[in-house]
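A quick write-up on the structure given underneath.
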Amino acid sequence: MQAIVLAAGMGRRLGDYTRNNTKCMVPVNGVRLIDRLLGQLAKQKLQRVIIVVGYKGKELREYISNRYEGQVNIEFAENPVYDTTNNIYSLALVKDKLQEDDTLLIESDLIFSDRLIPIIIDNPYPNLALVAKYETWMDGTMVRLDEEQNIVNFISKDAFDYADVDSYYKTVNIYKFSREFSKNRYVPFLEAYTKAVGNNEYYENVLRIISMLNSHSIKALPIGEEKWYEIDDKQDLDIAEAIFADDKDVLRKFYGRYGGFWRFPQMLDFCYLVNPYFPSRRMKDELRANFDTLLTEYPSGMKVNTLIASKCFGVSEPYIVPGNGAAELIKLLMEDTEGKTGFIRPTFEEYPNRYDKTQQVTFVPQNEDYRYTANDLMDFFADKNIRQLMLINPDNPSGNFIPKADVLRIADWCEQRNIRFVVDESFVDFSVDYATNSLLNDKTLEAYPHMAVMKSISKSFGVPGLRLGILASANKDLIARIKKEVSIWNLNSFAEFFMQIYNKHEKDYLKACEKFVIERTDFEQKLRSIPFLRVMPSQANYFLCEVLQPYKASEIVIYMLKRHNILTRDSSLKSGLNPSKQYMRIAVRNHEDNTQLVEALKELK
């Protein structure tokens, strides 16, 4: 068997990365694509590897030179018109060699698991295409399969239909052709096609014609959860570096993204702190039905969005300001504060990160579960001369929860001392008795004008992509100052529409919260069955777990990501946690996902 590698393209979409080198010379985590590929092929005892070069072909030849002497026999073919042709011409240049042996056909802009080449070689079927179930990040050639994994249709870009994506597979651009297939089927059609249509085409078009003859000449081999990525632009390169990072860098590359994990195929994200049961299908359908309008029309300004937020959350207009996520409002609120501020750690660090470190007074619970009460806070901060007290309730990552009556005791304590009391209740709807625990109502706000209530709508409402948050307070001067600082169009149309229609779906939301509380209880019991986790009680949508010997949190997190494509959070370095111990924060997802995580953890012995 031999391999043909297509490496003639210019890779324009990679910009500066391909200014002086062809695409396969781009390094991923310090290893060039061509070196990774040739290293994988060298293990297969191939007769030869033929590389079709074009753009910067001389540089590629010189780089490879004798690097693989004694490992694999490398030959080159050149496409001198790489800038005016496409990959069908590059393959046509080696059509004679294609007919001399069974062949692996591989595109050079791929990065993939070491297991893929042995998988396709060892499969007994002679003509095979590796395919992956369609994901939103995929572009290029799509196929449909029959029940026997025969490729029955190659989907052209013009024929691509998003309504049919559940039936699509993406070609991985790794093929196996028998000598007989190349000689008697593929090459004759290749010659006829290029003669009729020209050379600025793709070699897959020939396969599409063959599949239309209903000959079942080509089978597909789905790769399941094996890792691969096609690198066409800078974003592809960034994602590929995260997927294929080594143990030392993998967590830094994933955590450093702060989201966007939907770009990673089939990954389960247990860092993701949202409601798994809301929005309801009915609400999503209403959003979809208005998609075109929301995409193509401007949102309203602050005046209208304040009115809609008031209606949605039951707080008077002068008392509420909607934000582009809570993060926008957190920044402005912290900038509006002077003097010492009391913080509780461990906690959500966005608040202290936005505040002068020299003006922070920190309370750390002195117990192994990081529990604290209203009395603990009032006793600790009584003599600290603070001007503001910050409470996240339930807290992140501990899950500690102070009941509403006790929160109001703190609010009264702050009123008497002229202390601004900021309560972030982004997770309160996950608590037991969720329907009565919120502080978001005029009566409560007016009783405690020194209190401000922050809520991230992303968390409990399950819509982080909308970027929506609210700040409420009976201190109308504070709300007016915050409104003045935000952009007049700080919300997008989708976030505005969500608030507009929410009240129609509020019953579904309450049912979702009820369902969540039941699922959290079940998940907690399952997590407690894992011998190396000590699970702390939580009223939020996550659990803080102490990792026990013999494991470290980073080892478990890396294992879960590499082995099971599940992303979890190593919280060991979080400020306020015992530095001599190891911790993970594990989000609560739906029952199926939670069960999958527990079963994966059980595989660790």
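Along the sequence shown, residues are numbered consecutively beginning with 1. Owing to the predicted nature of the structure, the values given are computational and were not obtained by experimental measurement.
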(message) With no hydrogens and no angle check, just 3.5 Å: does a side-chain donor-acceptor pair link Asn437 and Ser431?
(response) yes

(message) What I want to check is whether the side chains of Arg387 and Thr337 have a donor and an acceptor closer together than 3.5 Å.
(response) no

(request) Look at Asp376 together with Arg371 and state whether they make a salt bridge at an N to O cut-off of under 4.0 Å. (result) no

(request) Test salt bridge (charged side-chain N to carboxylate O under 4.0 Å, His left out) on Arg528 and Glu524 and set out the steps. (result) CA-CA 6 Å; Arg528 291 186 184 278; Glu524 180 176 4; 2.6 Å; yes

(request) Walk me through it: do Phe363 and Phe343 pass the test ring-ring contact (aromatic ring centres under 6.0 Å, His included)? (result) CA-CA 6 Å; Phe363 168 76; Phe343 293 100; over 10 Å; no

(message) Can you give me the closest heavy-atom contact between Ser458 and Val274, atom names plus distance?
(response) O-CG1, 3.3 Å

(request) Without swapping roles, check the side chain of Ser280 against the backbone of Asp508 for a donor-acceptor pair under 3.5 Å. (result) no

(message) Suppose we call two aromatic rings close when their centres sit under 6.0 Å apart. Are Phe270 and Tyr272 close by that rule?
(response) no

(message) Tell me whether Asp285 is salt-bridged to Arg288, with the criterion being a basic N under 4.0 Å from an acidic carboxylate O.
(response) yes

(request) Would you check if there is a donor-acceptor pair between the side chains of Asn541 and Arg589 at a distance under 3.5 Å? (result) no

(request) Test Phe291 against Phe494 for ring-ring contact (aromatic ring centres under 6.0 Å, His included), laying out the working first. (result) CA-CA 8 Å; Phe291 178 87; Phe494 292 91; 5.6 Å; yes

(message) Looking at Ser300 and Val304, would you say the former's side chain and the latter's main chain have a donor-acceptor pair under 3.5 Å?
(response) no

(message) Could you tell me if Asp424 and Ser426 have a donor-acceptor pair between their side chains, going purely by distance under 3.5 Å?
(response) yes

(message) Is any side-chain heavy atom of Gln388 closer than 4.5 Å to one of Lys340?
(response) no

(message) Just by distance, no angles: are the side chains of His450 and Asn418 close enough, under 3.5 Å, to form a donor-acceptor pair?
(response) yes

(request) Consider only side-chain N and O atoms of Arg420 and Asn475, and report whether a donor and an acceptor are under 3.5 Å apart. (result) no

(message) To the nearest 0.5 Å, what is the distance between CD1 on Ile392 and CD1 on Ile402?
(response) 12.0 Å

(message) Any salt bridge linking Asp522 with Lys526? Criterion: basic side-chain nitrogen under 4.0 Å from a carboxylate oxygen.
(response) yes

(message) Suppose we call two aromatic rings close when their centres sit under 6.0 Å apart. Are Phe461 and Tyr509 close by that rule?
(response) yes

(request) Please say which of Ile479, Asn305, Val315 ends up in a side chain to side chain contact (heavy atoms under 4.5 Å, CB included) with Ile320. (result) Val315

(message) Does either side chain, that of Lys459 or that of Asn275, offer a donor lying less than 3.5 Å from an acceptor on the other one?
(response) no

(message) When you measure from the side chain of Gln539 to the backbone of Val432, do you find a donor-acceptor pair of N or O atoms at a distance under 3.5 Å?
(response) yes

(request) Taking Arg585 for its side chain and Cys545 for its backbone only, find out whether a donor-acceptor pair lies under 3.5 Å. (result) no

(request) Could you pull out the closest heavy-atom pair between Pro279 and Gly462, with the gap in Å? (result) CD-O, 3.5 Å

(message) I'd like to know if the side chain of Lys455 reaches the main chain of Leu471, judged simply by a donor and an acceptor atom lying under 3.5 Å from each other, with no hydrogens or angles considered.
(response) no

(message) Salt bridge check, Arg534 against Asp369: does any charged N sit closer than 4.0 Å to a carboxylate O?
(response) yes

(message) Is the distance from the ring center of Tyr134 to that of Phe160 below 6.0 Å?
(response) yes

(message) Hydrogens and angles aside, do Tyr162 and Tyr168 bring a side-chain donor and acceptor to less than 3.5 Å of each other?
(response) no

(request) Report yes or no: do Thr436 and Asp433 form a side-chain donor-acceptor pair below 3.5 Å? (result) no

(request) Check whether the side chains of Thr362 and Arg345 place a donor and an acceptor atom closer than 3.5 Å, and report yes or no. (result) yes

(request) Please confirm whether Lys384 makes a cation-pi placement over Phe380, using NZ or CZ under 6.0 Å from the six-membered ring centre and within 45° of the ring normal. (result) yes

(message) What I want to find out is whether Glu241 reaches Lys253 closely enough, with some N-O distance under 4.0 Å, to be called a salt bridge.
(response) yes

(request) Keeping the roles fixed (side chain from Asn490, backbone from Pro322), state whether a donor-acceptor pair exists under 3.5 Å. (result) yes

(request) Check whether more than 12 heavy atoms from other residues, nucleotides or ligands sit under 6.0 Å from atom CH2 of Trp489, and answer yes or no. (result) no

(request) Inspect the surroundings of CG in Leu573 and state if more than 12 heavy atoms from other residues, nucleotides or ligands are less than 6.0 Å away. (result) no

(message) Under 3.5 Å, is there a donor on one side chain and an acceptor on the other for Tyr372 and Asp395?
(response) yes

(request) Indicate yes or no for a side-chain donor-acceptor contact from Asp236 to the backbone of Ile239 under 3.5 Å, with no hydrogens or angles considered. (result) no

(request) Measure across Leu478 and Ala452 and return the closest heavy-atom pair with its distance rounded to 0.1 Å. (result) CD2-CB, 4.2 Å

(message) Within the supplied structure, the quantity of interest is the number of heavy atoms (other residues, nucleotides, ligands) at a distance under 6.0 Å from Glu225 CD; does it exceed 12?
(response) no

(request) Check whether the side chains of Asp412 and Gln416 place a donor and an acceptor atom closer than 3.5 Å, and report yes or no. (result) yes

(request) Examine Arg569 relative to Tyr255 and say whether NZ or CZ is less than 6.0 Å from the centre of the six-membered ring and inside a 45° cone about the ring axis. (result) yes

(message) For the backbone of Phe523 and the side chain of Asn594, can you confirm whether one donor and one acceptor N or O come within less than 3.5 Å of each other?
(response) no

(request) Using distance alone, with no hydrogens and no angle criterion, decide if Glu425 and Ser438 have a side-chain donor and acceptor under 3.5 Å apart. (result) yes

(request) Would you please indicate if the ring centroids of Tyr434 and Phe516 are separated by under 6.0 Å? (result) no

(message) Can you confirm whether the side chains of Glu317 and Ser310 place a donor and an acceptor under 3.5 Å from each other?
(response) no

(request) Could you tell me which non-hydrogen atom of Ser456 sits nearest to which non-hydrogen atom of Ala326, and how far apart they are? (result) CB-CB, 3.8 Å

(message) Which heavy atom of Ser538 sits nearest to which heavy atom of Ala540, and what is that distance?
(response) OG-N, 3.0 Å

(request) Please check if any side-chain donor atom of Asp570 sits under 3.5 Å from a side-chain acceptor atom of Ser554, or the reverse. (result) no

(message) With rounding to the nearest 0.5 angstrom, report the CD to CG distance, Gln500 to Leu307.
(response) 10.5 Å

(message) Suppose we call two aromatic rings close when their centres sit under 6.0 Å apart. Are Phe278 and His505 close by that rule?
(response) no

(message) Please check this pair: side chain of Thr347 against backbone of Glu349, looking for a donor-acceptor N/O pair closer than 3.5 Å.
(response) no

(message) Main chain of Thr293, side chain of Asn290: is a donor-acceptor contact present, judged purely on distance under 3.5 Å?
(response) no

(message) How long is the straight-line distance from CZ of Arg409 back to NZ of Lys404, given to the nearest 0.5 Å?
(response) 15.5 Å

(message) I'd like to know if Glu519 pairs up with Lys515 as an ion pair, taking the criterion as any Lys NZ or Arg NE/NH1/NH2 lying under 4.0 Å from an Asp or Glu carboxylate oxygen.
(response) no

(request) Indicate yes or no: does Glu230 engage Lys170 in a salt bridge with an N to O separation below 4.0 Å. (result) yes

(message) Between Arg481 and Glu485, does any side-chain N to carboxylate O distance fall below 4.0 Å?
(response) no

(message) Within this structure, what is the CG-CG distance for the pair Leu510 and Asp429, rounded to the nearest 0.5 Å?
(response) 8.5 Å

